[in-house]
Amino acid sequence: MIVALSLGLLAWAVTAFRRHETTVDPLAPERASRLVSDGPFQVTRNPMCVAMAGVLVAHAIARRSPAGLISAAGFVLLINKAQIEAEERAMAARFGPEWDQYVAATPRWLSLRSLPHRKSCA
């Protein structure tokens, strides 16, 4: 169930990028032509990272491996520091106040703010 939800979230996020005709490449956030804030991006600023973490958690559960959960937590910490922070700096430089509004409305990962009844910034 967790794998299916995670892969669905990943596919939904990629589809949103494609629909807005902007880059999916996380290594080139400066090439983003639009700020995508609808679809899964209303729930979290990083649905693809949430999806990858979900797959790791599902794997740990399937193997009944507490160490696997530690690996999933390590992934979250590493991707947060090594990738997401750099992406967010690039997006802030590229989209300015629109980015600031999006950050104020949407959590980086998941939180109670992720619950439905949110408005899109797009």
Side-chain angles (χ1 to χ4, degrees):
M1 176 77 107
I2 295 171
V3 170
L5 289 171
S6 296
L7 294 178
L9 179 61
L10 181 62
W12 190 19
V14 170
T15 300
F17 276 131
R18 298 255 160 90
R19 187 177 61 253
H20 287 282
E21 298 177 347
T22 192
T23 184
V24 179
D25 185 356
L27 301 178
E30 68 282 352
R31 289 186 10 221
S33 59
R34 298 177 197 262
L35 177 61
V36 179
S37 60
D38 61 349
F41 295 92
Q42 289 179 291
V43 177
T44 171
R45 295 194 309 262
N46 298 287
M48 289 187 258
C49 294
V50 169
M52 289 184 275
V55 169
L56 291 171
V57 167
H59 184 259
I61 291 169
R63 293 182 54 96
R64 296 188 174 127
S65 171
L69 292 174
I70 293 168
S71 296
F75 166 78
V76 168
L77 293 172
L78 179 64
I79 200 77
N80 201 58
K81 200 71 172 150
Q83 179 65 38
I84 292 173
E85 289 180 6
E87 273 183 26
E88 290 187 345
R89 283 191 298 275
M91 298 301 280
R94 176 86 171 97
F95 296 106
E98 185 182 6
W99 172 255
D100 294 338
Q101 180 184 2
Y102 178 58
V103 168
T106 309
R108 181 181 280 173
W109 289 92
L110 293 174
S111 75
L112 292 177
R113 293 190 310 160
S114 299
L115 298 175
H117 307 302
R118 305 177 35 72
K119 293 185 180 178
S120 173
C121 298

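Just so it is clear, the values below take in all heavy atoms, side chains as well, and ignore hydrogens, waters and symmetry mates.
By the side chain to side chain donor-acceptor pair (under 3.5 Å) test, Glu30 pairs with no residue at all, sequence neighbours left out. Under the rule for a ring-ring contact (aromatic ring centres under 6.0 Å, His included), the partners of Phe17 that lie at least two apart in sequence or sit in another chain are Phe41.
The structure places CD of Glu87 at 11.0 Å from CD of Glu85, a figure rounded to the nearest 0.5 Å. Taking CZ of Arg18 as the reference point, atom OG1 of Thr15 lies at 8.0 Å (rounded to 0.5 Å). For the atom pair Ile79 CD1 and Asn46 CG, the distance stands at 9.0 Å (nearest 0.5 Å). The CE atom of Met52 sits 10.0 Å away from the CG atom of Leu9 when rounded to the nearest 0.5 Å.
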- Cys49 vs Ile84, side chain to side chain contact (heavy atoms under 4.5 Å, CB included): CA-CA, chis, key distance, verdict: CA-CA 9 Å; Cys49 294; Ile84 292 173; 3.9 Å; yes
- Could you go through the side chain to side chain contact (heavy atoms under 4.5 Å, CB included) check for Glu88 and Val103 one step at a time? CA-CA 9 Å; Glu88 290 187 345; Val103 168; 5.6 Å; no
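Side-chain N or O atoms of Arg94 include one that pairs as donor or acceptor with a backbone N or O of Ala32 at under 3.5 Å.
The closest side-chain heavy-atom distance from Met91 to Glu98 is not below 4.5 Å. Under the 4.5 Å side-chain criterion, counting only non-hydrogen atoms from C-beta, Met48 is not in contact with Pro26. The shortest distance between side-chain heavy atoms of Val57 and Leu69 falls below 4.5 Å. For the pair Arg45/Tyr102, a side-chain contact is recorded, criterion being any heavy-atom separation below 4.5 Å from C-beta on. Residues Leu27 and Gln83 form a side-chain contact, since some pair of their non-hydrogen atoms from C-beta on lies under 4.5 Å apart.
Of all heavy-atom pairs between Ala28 and Thr23, the closest is O-CG2, 3.9 Å. Here the shortest heavy-atom pairing between Ala13 and Pro47 reads CB-CG, 3.7 Å. Closest heavy-atom contact between Val36 and Ala16: CG1-CB, 4.0 Å. Between Ala53 and Phe75, the shortest heavy-atom distance links the atoms N-CE2, 3.8 Å. Closest approach of Val43 and Thr106 over heavy atoms only: C-CG2, 4.1 Å. Here the closest non-hydrogen pair linking Ser33 and His20 is OG-O, 4.5 Å.
Leu5 forms part of a hydrophobic cluster together with Met1, judged by ILVMFWY side-chain heavy-atom separations under 4.5 Å.
Within a 6.0 Å radius of CZ in Arg19, other residues, nucleotides and ligands contribute more than 12 heavy atoms.
Note on Leu35 and Val24: same hydrophobic cluster, where clusters join Ile, Leu, Val, Met, Phe, Trp and Tyr whose side-chain heavy atoms are under 4.5 Å apart, directly or indirectly. A single hydrophobic cluster is seen to contain both Trp109 and Leu56, as judged by linkage of ILVMFWY side chains at heavy-atom distances under 4.5 Å, directly or through other members.
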